[in-house]
Peer 1: 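Pasting a structure here, questions to come.
All values derive from a computational prediction rather than experimental measurement. Residue numbers start from 1 in every chain, and the chains themselves are labelled A, B, ... in the order their sequence lines are given, proteins ahead of strands.
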Protein chains: 2
Amino acid sequence: MYLEEAKKLGDELWVIVACSAMVNHKPKPLLPEKQRLAMLQALKVVDHAVLGDEHDMFKPLTDIQPDIIVLGHDQHFSEVDLERELTSRGINAKVVRVTKHEPCSTCSSGAIIRLVLEKNEVTTHGKLRF
Amino acid sequence: MYLEEAKKLGDELWVIVACSAMVNHKPKPLLPEKQRLAMLQALKVVDHAVLGDEHDMFKPLTDIQPDIIVLGHDQHFSEVDLERELTSRGINAKVVRVTKHEPCSTCSSGAIIRLVLEKNEVTTHGKLRF
């Protein structure tokens with residue numbers, strides 16, 4: 001949904017996949033970064049997917065020079081601050097946020113993880129059943 | 001990997017997604033069938049994905065009339081028995097099995113579920129942390 005909305009805003013959709021070392025504001029991703037990258041690259045809606053830089057989140061943006069940067073509804077950046085930071089680095093991109101999303105109980109990795117844990121709790125009282 | 005190998009064997013790749021009611025030989029899928037279908041349809045390698053029939057697994061095959069049916073390395077059908085059954089229903093398809101697969105600790109839904117449960121066990125001794 002997020003990627004489809006993003007794609008509608010331009011001609012070519014690039015996705016930057018967070019490398020695991022850069023995820024410090026929430027639990028580390030469960031799946032290895034190479035697998036997450038391959039999953040994104042396999043999607044019809046995605047034209048190009050690349051791994052983010054380990055140290056500098058602006059590095060791939062400097063290479064790609066996008067016209068528009070699309071944030072998800074829950075991404076923790078301010079559009080105004082990000083646009084200002086981009087301009088200071090010579091990246092003239094408009095930052096927009098996709099607000100439309102369907103609430104769905106199984107449509108995020110976090111939601112699926114919670115579902116696995118709840119189901120395990122309910123069906124086996126702590127014993128692994130899968 | 002399985003889908004890519006299957007795609008190489010023909011021109012057009014159809015995927016039949018098991019409807020949840022038909023899965024009785026192992027635990028029911030965690031994700032709803034419509035979501036599993038949408039995920040398959042979103043993949044570049046997949047030309048068409050359809051939901052299987054609730055009662056008759058041969059129904060969609062009668063509609064699609066494939067030239068080749070590709071089984072995964074762990075699918076519980078015998079190639080010979082299946083081919084015989086197909087012929088008796090007027091479906092003249094060759095049944096082949098993809099044997100090539102990379103062992104990968106995070107490359108199946110079962111493996112990911114086990115990873116979630118193990119990680120939860122190790123990091124929190126039973127308390128949900130995600």
Side-chain angles (χ1 to χ4, degrees), chain A residues 1-8 12-13 15 17 20 23 25-49 74 101-130, chain B residues 1-8 12-13 15 17 20 23 25-49 74 101-130:
Chain A
M1 175 60 117
Y2 164 37
L3 296 177
E4 279 154 18
E5 289 301 308
K7 173 80 173 190
K8 283 183 200 160
E12 206 174 89
L13 178 61
V15 177
V17 177
S20 300
V23 181
H25 58 290
K26 56 181 184 178
K28 295 276 181 201
L30 193 68
L31 300 180
E33 57 195 24
K34 281 195 183 157
Q35 185 175 353
R36 291 184 286 112
L37 177 64
M39 286 160 70
L40 267 296
Q41 285 169 334
L43 296 175
K44 286 180 182 125
V45 74
V46 173
D47 297 294
H48 307 276
D74 60 352
H101 76 290
E102 286 174 83
C104 161
S105 63
T106 53
C107 291
S108 74
S109 52
I112 293 174
I113 288 169
R114 282 189 293 276
L115 186 65
V116 169
L117 296 175
E118 279 163 25
K119 212 171 157 159
N120 188 55
E121 198 78 6
V122 169
T123 58
T124 67
H125 303 283
K127 274 178 66 188
L128 311 192
R129 224 197 114 223
F130 294 99
Chain B
M1 175 59 121
Y2 165 36
L3 296 177
E4 280 153 19
E5 289 301 310
K7 172 80 173 191
K8 282 183 201 160
E12 206 172 270
L13 178 62
V15 177
V17 178
S20 299
V23 181
H25 58 290
K26 57 181 183 178
K28 294 276 182 201
L30 193 69
L31 299 181
E33 57 196 23
K34 280 194 182 158
Q35 186 176 350
R36 289 185 286 115
L37 177 64
M39 286 160 69
L40 267 297
Q41 285 169 335
L43 297 175
K44 287 181 181 124
V45 73
V46 174
D47 296 294
H48 308 275
D74 60 351
H101 76 290
E102 286 173 83
C104 160
S105 63
T106 53
C107 289
S108 75
S109 52
I112 293 175
I113 288 169
R114 283 188 293 276
L115 186 65
V116 169
L117 295 175
E118 281 164 23
K119 212 173 155 153
N120 189 54
E121 197 80 6
V122 169
T123 57
T124 68
H125 304 285
K127 273 177 70 189
L128 312 191
R129 226 197 111 222
F130 294 99

Peer 1: Identify which part of Q41(A) has an atom lying under 4.5 Å from any heavy atom of chain B, answering side chain, backbone, both or neither.
Peer 2: backbone
Peer 1: Any chance you could measure I113(A), atom CD1, to N120(B), atom CG, to the nearest 0.5 Å?
Peer 2: 9.5 Å
Peer 1: Quick check: closest heavy atoms across K28(A) and K119(B), and the distance to 0.1 Å?
Peer 2: O-NZ, 4.5 Å
Peer 1: Okay, side chain of K44(A), backbone of K44(B): is any donor-acceptor separation there less than 3.5 Å?
Peer 2: no
Peer 1: By a 4.5 Å heavy-atom criterion (distance strictly below it), what part of L43(A) contacts chain B: side chain, backbone, both, or neither?
Peer 2: both
Peer 1: Output all residues satisfying side-chain hydrogen bond (donor to acceptor under 3.5 Å, both in side chains) with S108(A), sequence neighbours left out; order by chain, then residue number.
Peer 2: none
Peer 1: Does S109(B) have any side-chain hydrogen bond (donor to acceptor under 3.5 Å, both in side chains) partners at least two apart in sequence or in another chain, and if so, which?
Peer 2: none
Peer 1: Atom OG1 in T106(A), atom NZ in K34(B): separation rounded to 0.5 Å?
Peer 2: 12.5 Å
Peer 1: How long is the gap from CD1 on I112(A) to CG on L30(B), to the nearest 0.5 Å?
Peer 2: 7.0 Å
